[in-house]
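Each remark here refers to the structure printed beneath this line.
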Amino acid sequence: MADEFIKGLGIFTGAGLAWMVLAGWYRTPSFESEQQLVAPVELSDSATMFDSLGVLLMDAFFWFAIIGALTFWVLIPVVRQASEAIEERAG
């Protein structure tokens, strides 16, 4: 169980840090703003391919952090306990 927890924590912190860095670049209009990290993304007409890639990666890191952590913290332990319960009933 500790192995799954640390894998989920590693995914959550690593992807969360990457999301926070990209959100700081693309979702913070100014440092005096009250909507830091949650403001809508506004790319100008002069946005490059790297800006578009950064926004895409920001969304990918967010969902990877959420789904990855839930997979290791909830899904895998539930599947293991269910398979152990099935083996006990069959055996």
Rounded to the nearest 0.5 Å, what separation is found between the [atom1] atom of [X] and the [atom2] atom of [Y]?
X	Y	atom1	atom2	answer
Leu37	Arg27	CG	CZ	9.0 Å
Ile76	Lys7	CD1	NZ	7.0 Å
Ile66	Phe12	CD1	CZ	5.5 Å
Trp25	Thr28	CH2	OG1	12.0 Å
Met20	Met58	CE	CE	13.0 Å
Thr13	Ile6	OG1	CD1	8.0 Å

Heavy-atom pair of closest approach, residues [X] and [Y]:
X	Y	answer
Ala65	Gly16	CB-N, 4.1 Å
Ser30	Gln36	O-NE2, 3.8 Å
Tyr26	Phe50	OH-O, 3.7 Å
Ala69	Gly8	CB-O, 4.0 Å
Ile11	Gly68	CG2-CA, 4.0 Å

Fit a plane to each ring of Trp73 and Phe5, take the angle between them on a 0 to 90° scale, and name the class: parallel (under 30°), tilted (30 to 60°) or perpendicular (over 60°).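 The rings of Trp73 and Phe5 lie parallel, inter-plane angle below 30°.
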Residues which pass salt bridge (Lys or Arg N to Asp or Glu O under 4.0 Å) with Asp51, listed by chain and number, not counting sequence neighbours: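 Asp51: no salt bridge (Lys or Arg N to Asp or Glu O under 4.0 Å) contacts found.
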When clusters are formed by joining ILVMFWY residues with side-chain heavy atoms under 4.5 Å apart, either directly or through shared neighbours, do [X] and [Y] land in the same one?
X	Y	value
Val78	Leu9	yes
Trp63	Leu75	no
Val74	Phe62	yes

